[in-house]
Amino acid sequence: MIDTLRLTAEDAQALLDRGEVSGAELRAAYLDAISERDGELRCFLRTVDETEGDGVPIALKDVISTKRVETTAGSKILAGYVPVFDSTVAARCKEADLQLLGKTNTDEFAMGSSTENSAFGPSRNPWDPTRVPGGSGGGSAAAVTAGLAPWALGSDTGGSIKQPSALCGNVGLRPTYGTVSRYGIVAFASSLDQVGPVAKTVRDVALLYSIIAGRDRNDSTTAELPEPVRLPEGESLAGVRIGVPTELTEADGIEPGVKDAVARAIELAEGLGAEVGECSLPRSVRYGLPCYYLIAPAEASSNLARYDGVRYGPRAAGESYQELVERTRDDGFGDEPKRRIMLGTYALSAGYYDAFYGQAQKVRTLIIQEHREAFERFDVLACPTSPTVAFPIGERAGDPLAMYASDLLTIPSCLAGLPGLSVPCGLSEGLPVGLQLIGPQFGENLLFRVGHALEQAIGFDTVPARWRHGVRPGSDPSGLTPRDSQ
Ligand code: GLN
């Protein structure tokens, strides 16, 4: 019996290498888990019957184009759209013999922090199905936690990999902008969008990153990695300088339980030999959200102009071209993309461009500069990933500003194009808390080293308490099980 709740991708690969299971058996185990648990969680928009690979299974967020497999980005306007080509990341997964299990749920066009904006209904958090799994990549993150896929790909514009990983208690990486190809990814905000891995361990995340990263001639913003990906080993953090940005750990709205879990993780890092010191990113917290909510909608309004009912998806009837386009877009887009198209078009319009979009670009440069200064003194920055643990479904759905605030702590480093890794660091009120580690450009190997060392020291159990066998309910209030008992 394969226990998909605990099996890592690395372990799955070892079973395959030793001939102890076949690719088909692995696939069957995950499809069984999906039929058992996905009725409740709704991580998958669709599973696929046929697959080209025969290796470790994988799930892909539905903004990732997959040849002959419907790709909707969680939107009605793309319902029925079947790409005739693979995105570069999907193609690289196939080259690595990974087998596609299916496409995971997302907020419409990756706009949101809870998956409640999906046109196909929300996903649920495996730790507590009355709560959100985060977003926009909630389907991928919840699927990994629930053992419905050993690993998955998400996309992150302002936090959509890191925040759902934090809320679901697993590991997520938003890579350095330009290290992973965006070719074939449904575009949201092109100067921010990045694809990245979600998995149960830092080593799995590093492994999957090594499969997808690197220069792609179809995306001119991509670069060759300056050094090969190193799978992290060992626990020493000797010589690593960790900066704790006060504004990102003290900001209003960060729950006390989140602060405590993150503070404990930082203490553990010190115990492993790291030098910890305070630093300051004053503009990031004050201006990060407003800056992002000008730049991202501006780019979205331009990217989403292509959905005209002529090239993709369903087409509404109309007497004229104008009417056809208007009706298609009116029926096809949900409220959040409409809100962003309007905000973005306004920010870009003649007369307002300098005051809004131009100003936001200048602020973005200042945010880049203040991160650069912090990395003159520190190797890695550490703070919470999300200000809160998973919130109840419905709580923020009617309040866009409360939803946007979920990304307060992830957005600044996204604007700066920097890599960020979220690692589970404990529980608050029985729900996972994520520690966010931010690195300099191309600093992924260092993030993997620090993340792995802390993961070993923390000993977080990624299996939701309600599914742990042999653990009495309530016997493990911290969520931290001693390492030797795991
Ligand atoms: N929640 C943020 C937004 O709605 C970020 C989404 C993302 O990273 N795709 O824009």
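Everything numeric in this text was worked out from a predicted model, so none of it was measured. Every number for a ligand or one of its atoms is a count from 1 in the order of the listing.
With no hydrogens or angles considered, a side-chain donor-acceptor pair links S123 and N105 at under 3.5 Å.
What you find for L381 and F375 is that their closest heavy atoms are CG-CZ, 3.7 Å.
Residue-level contacts of ligand 1 at the 4.0 Å heavy-atom threshold are A110, M111, G112, S113, S136, D156, T157, G158, G159, S160, F188, Y292, Y293, R340, D407.
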Could you pull out every donor-acceptor pair under 3.5 Å between side chains of residues 251-262 and any protein atom, sequence neighbours left out?
residue: E255; atom: OE1; partner: V389; partner atom: N; Å: 3.2

Identify all side-chain donor-acceptor contacts of residues 345-354 below 3.5 Å with residues at least two apart in sequence or on another chain.
residue: T345; atom: OG1; partner: I341; partner atom: O; Å: 2.5
residue: S349; atom: OG; partner: Y346; partner atom: O; Å: 2.7

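Shown here are the side chain to side chain contact (heavy atoms under 4.5 Å, CB included) partners of A96, two or more places apart in sequence or in another chain: L98, I211.
Side-chain contact check for V171 versus D204: every heavy-atom pair is 4.5 Å or farther apart.
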